[in-house]
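Below is one structure, written out as structure tokens; comments come after it.
The analysis underlying the following values was restricted to heavy atoms, covering all of them including side chains, and did not include hydrogens, waters or symmetry mates. Every chain is numbered from 1 and lettered A, B, ... according to where its sequence line falls, protein lines coming before strand lines.
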Protein chains: 2
Amino acid sequence: MGALLEEATEILRSRGGRMTNQRKRILESLELLGSHPSADEIFAFVSQSDPTLNLSTVYRTLRWLEQEGLVSARHFHFDEDRRTDRFDAASPIDHHHFICTECKSVIEFDNRLIGEVKNQFSRQTNCWVQSVSVVLYGLCPNCQK
Amino acid sequence: MGALLEEATEILRSRGGRMTNQRKRILESLELLGSHPSADEIFAFVSQSDPTLNLSTVYRTLRWLEQEGLVSARHFHFDEDRRTDRFDAASPIDHHHFICTECKSVIEFDNRLIGEVKNQFSRQTNCWVQSVSVVLYGLCPNCQK
DNA sequence: GTTTTTATTGCAAATGATTTGCAATAATTT
DNA sequence: AAATTATTGCAAATCATTTGCAATAAAAAC
């Protein structure tokens with residue numbers, strides 16, 4: 001059983017919530033589908049094993065997970081694409097993204113210089129920085145030919 | 001007359017386009033309203049001087065400017081906010097943003113380390129990076145009290 | 001284990017942002 | 001000044017997401 005599911009169950013319990021089948025499956029799918037799925041993609045995936053699942057349940061669960069800090073929602077700006085949110089089972093602080101504008105694949109990365117950018121900005125402006133989002137857009141090796 | 005208006009006029013001419021009153025006013029407003037306005041805000045502003053302007057004209061003009069690389073559209077992920085695009089008369093490459101999640105104010109900044117992050121990533125992955133988007137979220141000095 | 005309570009679901013309808021089809025309008029060309 | 005056609009305004013469509021509400025099903029109380 002994944003860490004996300006356990007953590008979510010605990011939070012749920014602590015406020016009189018209920019761990020339903022739908023929620024279990026949505027949480028599972030977030031761990032299985034690693035690739036920043038959209039609500040629709042999660043819905044399609046979970047529907048295979050539970051055809052009665054409703055899309056609004058997916059949205060409700062994701063938004064709840066987001067509020068609890070267990071999931072982060074981001075909006076990648078693909079050039080001509082629709083503007084759908086994509087969800088990610090990790091904290092937004094500890095990794096960043098490269099997006100291939102051709103094949104839409106996503107590569108995660110981290111770089112300690114980003115923390116430095118954040119610190120320098122804080123020092124210069126006295127702003128308190130809570131989170132940093134870095135997205136690189138370009139072409140992956142496959143799509144460069 | 002602003003540089004944006006001149007550049008846009010030239011591009012327009014070069015492909016049999018027409019510099020209309022509406023387009024002029026929308027371009028002007030992009031220079032006057034510096035603060036990453038939404039299509040709605042641009043519409044409200046220009047409507048004051050031209051009450052017949054239509055919102056879809058604003059969208060069409062903005063998308064066209066985006067395609068020509070004269071404007072960039074971004075979607076800032078304000079926590080509970082609606083997901084509206086915000087527009088910016090500058091190239092997305094040469095500056096980045098801090099957003100105060102409380103008062104929604106935007107501070108632009110740049111930092112040469114960001115170019116370094118980009119270069120390191122390219123070297124390590126052989127991805128070609130076209131543009132970089134960095135958004136810091138947090139609290140501005142005023143909202144920290 | 002059955003009944004009660006109420007959080008959660010499914011459904012359908014609402015929403016908000018953005019886009020599109022089309023006839024009317026107005027820049028530019030002739 | 002007339003002809004051409006890019007652009008507009010309008011209304012309706014679309015897409016992603018949210019919401020109200022009655023039905024359902026966890027968990028609690030018996």
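Distance, B:Arg63 CZ to C:dT18 C1': 7 Å, rounded to whole Å. The CH2-C1' distance, from A:Trp64 to C:dT9, rounds to 15 Å in whole Å. Taking atom NZ of residue B:Lys24 and atom P of nucleotide D:dT8, one finds them 12 Å apart after rounding to whole Å. For B:Leu55 and D:dA11, the CG to P distance is 13 Å, given to the nearest whole Å. Note: CZ (B:Arg23) to P (C:dA26) measures 15 Å, nearest angstrom. If you take CZ of B:Arg25 and P of D:dT8, they are 13 Å apart, rounded to a whole angstrom. The interatomic distance linking A:Tyr59 (OH) with C:dA14 (P) rounds to 19 Å, in whole Å. Distance B:Phe43 CZ to C:dA17 P: 13 Å, rounded to the nearest Å.
Side chain of A:Arg25 to backbone of A:Val46: no donor-acceptor contact under 3.5 angstrom is found. The backbone N or O of A:Ser38 sits less than 3.5 Å from a side-chain atom of A:Glu41, completing a donor-acceptor pair.
Checked against C:dT28, C:dT18, C:dT19, the side chain of B:Met19 finds its nearest nucleotide in C:dT28. Of the candidate nucleotides D:dT8, C:dG10, D:dT17, D:dT17 has the atom lying nearest to any side-chain atom of A:Asp85.
Between A:His96 and A:Phe109, the angle of the ring planes lies from 30° to 60°, which puts this pair in the tilted group.
Remark: A:Arg13 is in phosphate contact with D:dA27, judged by side-chain N or O atoms under 4.0 Å from OP1 or OP2. For the pair B:Thr20 and C:dA26, the criterion of a side-chain N or O lying under 4.0 Å from OP1 or OP2 is not met. Residue B:Gln22 places at least one side-chain N or O closer than 4.0 Å to OP1 or OP2 of D:dG9. Between A:Thr84 and D:dC15, a side-chain N or O to OP1/OP2 separation shorter than 4.0 Å is absent. Contact annotation: B:Thr57 reaches the phosphate of D:dG9 (side-chain N/O to OP1 or OP2, under 4.0 Å). Of the side-chain N and O atoms in A:Asn54, none sit less than 4.0 angstrom from OP1 or OP2 of C:dT9. When the side-chain nitrogen and oxygen atoms of B:Arg60 are compared with OP1 and OP2 of C:dT19, none of them lie within a distance under 4.0 Å. Between C:dT6 and A:Arg18, no contact under 4.0 Å exists linking OP1 or OP2 to a side-chain N or O.
Ranked by how close their nearest DNA chain C nucleotide is to the 5' end, B:Ser56 and B:Gly17 are led by B:Ser56.
Interatomic distance, A:Thr57 OG1 to A:Tyr59 OH, rounded to the nearest 0.5 Å: 12.5 Å.
Taken together through direct or relayed side-chain contacts under 4.5 Å among Ile, Leu, Val, Met, Phe, Trp and Tyr, B:Leu139 and B:Phe98 form parts of separate hydrophobic clusters.
Nucleic acid contact for B:Thr52: sugar-phosphate only, since backbone atoms but no base atoms lie under 4.0 Å from a heavy atom of the residue.
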